[in-house]
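The structure appears below as structure tokens.
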2 protein chains.
Amino acid sequence: MDANAHINPPLKDVAPEDLAPEPKFMVKRRAVILSAASAFRRRGYHNTSMRDIGDILGLTKAALYYYVKNKEEILFECHLMAYDAMDDILKRPQAPDENGLSYLSGVFRDFVTLLTQSGVSILSDVDSLGGERQAQILARRNQIETAVMKAVTTGQTDGSIRAGDARLHVFFFMGALNWLNVWYDAKGRLKGEDIADHFTQQLQFGISR
Amino acid sequence: MDANAHINPPLKDVAPEDLAPEPKFMVKRRAVILSAASAFRRRGYHNTSMRDIGDILGLTKAALYYYVKNKEEILFECHLMAYDAMDDILKRPQAPDENGLSYLSGVFRDFVTLLTQSGVSILSDVDSLGGERQAQILARRNQIETAVMKAVTTGQTDGSIRAGDARLHVFFFMGALNWLNVWYDAKGRLKGEDIADHFTQQLQFGISR
DNA sequence: AATAAATTTGACTCAAGGTTCAATTTTTAT
DNA sequence: ATAAAAATTGAACCTTGAGTCAAATTTATT
């Protein structure tokens with residue numbers, strides 16, 4: 001029923017004056033999710049055990065269950081975290097004179113920066129989620145794809161983007177994003193900023209007219 | 001030791017005259033691999049049980065072990081199959097007057113066609129392979145990336161491809177390829193041929209100068 | 001038809017890893 | 001200092017799915 005009951009931090013007594021949202025619990029919970037996200041990205045969901053996740057933070061796997069209902073919930077939250085961040089990026093204010101291509105470039109650049117600078121990663125293993133959660137995540141992903149596609153058609157209307165099937169335009173450069181997620185190593189020689197520059201340029205040349 | 005001993009079809013007696021390689025066994029073995037590849041691509045390696053794989057061919061999971069040593073070997077062969085096909089494509093003869101961009105476009109188009117028309121799929125789960133096999137697959141992948149990068153630098157030398165970090169050029173459009181593998185549905189409205197056309201064009205615009 | 005080889009199966013074993021929980025340690029509040 | 005709440009743990013439990021194997025069935029051979 002109330003699948004999210006446990007995310008409420010255990011409060012001794014609901015002191016009405018102290019409305020500052022009790023951070024301790026949530027902060028550590030978020031740390032658990034982020035550690036897991038990083039491990040999932042590198043080794044994959046099923047190749048990462050609860051033990052592995054705990055080890056990163058110096059915890060026993062049993063301790064994780066104080067912050068999280070089960071492993072699947074961690075995966076779910078990883079997905080949510082990524083899509084929340086992407087939603088925020090899509091809210092970028094569009095200058096009235098800005099054309100579709102320019103807006104799209106900015107969004108894409110921010111996507112790349114998100115994946116290289118923050119610990120957030122796009123996970124592709126949506127099949128390991130059970131029915132309800134899986135549906136929710138697929139809906140979110142679809143919503144993002146739709147927003148990006150809309151930006152493309154806008155650009156096609158204002159003449160800044162080449163004609164052609166918008167979905168194919170989008171899938172092409174969104175693929176670059178997902179793949180980036182797989183090979184990018186924060187400690188490697190390629191710096192996030194450079195990748196963002198290069199990718200944004202390649203996106204522009206690829207679809208501008 | 002001889003990890004591949006079992007792929008030799010059980011021959012009653014090595015009749016020296018009959019050199020036509022006994023197909024029966026190998027044909028069905030290949031069918032097992034391909035069925036698994038398709039399931040792995042859609043649901044992921046760990047979300048696909050031996051039972052699932054057997055079901056596709058109307059077999060019991062126990063029967064699969066007649067054709068294959070273990071599940072990991074299936075994954076390994078899936079990877080090999082994809083990389084073998086990609087190696088073949090890279091062997092494409094290069095007309096003496098053909099520039100780097102043109103060669104690369106042809107290769108890329110064939111890659112797209114491979115993924116949409118044949119049952120072959122690029123699997124990304126290389127972490128589920130044990131040490132030796134994993135190393136082998138990573139080497140193969142690296143070898144292909146190197147070949148594609150070489151094509152890019154050739155194109156940069158002959159003036160057909162924009163300057164810039166060759167690795168970034170490559171990762172961008174190879175991402176499209178890997179992502180294609182995730183979303184493409186043979187029964188969907190997008191036809192493989194159209195995707196190949198569009199993607200090849202987007203590749204060209206993206207990196208030509 | 002009889003026999004041998006090839007193929008398939010049902011029933012079982014086994015290990016890995018996710019999950020639970022009562023008990024313990026650490027932190028916070030009085 | 002003491003008590004209550006929060007955080008963590010070790011040891012068990014349990015489910016899932018990979019892998020084994022002797023026996024049964026199907027296919028090829030003489």
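Numbers restart at 1 for each chain; the letters A, B, ... are given by sequence-line order, proteins then strands. Everything quoted here is computed from the prediction, not taken from an experiment.
Between A:Arg42 and B:Asp127, none of the side-chain N atoms (NZ, or NE/NH1/NH2) sits under 4.0 Å from a carboxylate O, so this pair counts as no salt bridge. Between A:Arg29 and A:Glu73, at least one side-chain N (NZ, or NE/NH1/NH2) sits under 4.0 Å from a carboxylate O, which counts as a salt bridge.
In terms of position on DNA chain C, the residue among B:Gly58 and A:Met50 whose nearest nucleotide sits closer to the 5' end is B:Gly58. Of the two residues contacting DNA chain C, namely A:Arg51 and B:Lys28, the nearest-nucleotide position lying further toward the 5' end is that of B:Lys28.
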Between A:Phe205 and B:Phe205, is a ring pair (Phe, Tyr, Trp, His ring centres under 6.0 Å) present by the stated rule, with each step listed?
CA-CA 6 Å; A:Phe205 282 117; B:Phe205 282 118; over 10 Å; no
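When each of C:dG18, D:dA7, D:dC21 is scored by its nearest atom to the side-chain atoms of A:Lys24, the top-ranked nucleotide is D:dA7. Among the nucleotides C:dT8, D:dC21, D:dA28, the one closest to the side chain of B:Leu59 is C:dT8. Distance from the side chain of A:Tyr67 is smallest for D:dA7 among the nucleotides D:dA7, C:dC21, C:dT8.
At whole-Å resolution of the value, OH in A:Tyr66 and P in C:dT26 are 16 Å apart. Between the CD1 atom of A:Ile74 and the C1' atom of C:dG18 there is a distance of 11 Å, given to the nearest Å. Counting to the nearest Å, the C1' atom of C:dA16 and the NZ atom of B:Lys71 are 13 Å from each other. Separating the CZ atom of A:Phe25 from the P atom of D:dA7 is a distance of 7 Å, rounded to the nearest angstrom. One interatomic measurement links the two molecules: CG of A:Asn70 to P of D:dC13, which rounds to 22 Å at whole-angstrom precision. Rounded to whole angstrom, the span from the CE atom of B:Met26 across to the P atom of C:dT7 amounts to 12 Å. If you take CG of B:Asn47 and C1' of D:dT16, they are 13 Å apart, rounded to a whole angstrom. In this structure, A:Tyr65 places its OH atom 17 Å from P of C:dA22, rounding to the nearest Å.
For C:dT19, neither phosphate oxygen OP1 nor OP2 lies less than 4.0 angstrom from any side-chain nitrogen or oxygen of A:Lys69.
Annotation: cation-pi geometry satisfied between A:Arg133 and A:Phe76 (NZ/CZ under 6.0 angstrom from ring centroid, within 45° of ring axis).
Around CZ of B:Arg162, the count of heavy atoms belonging to other residues, nucleotides or ligands within 6.0 Å exceeds 12.
Residue side chain B:Lys61 reaches the base of D:dA18 through a donor-acceptor N/O pair under 3.5 Å, judged by distance alone.
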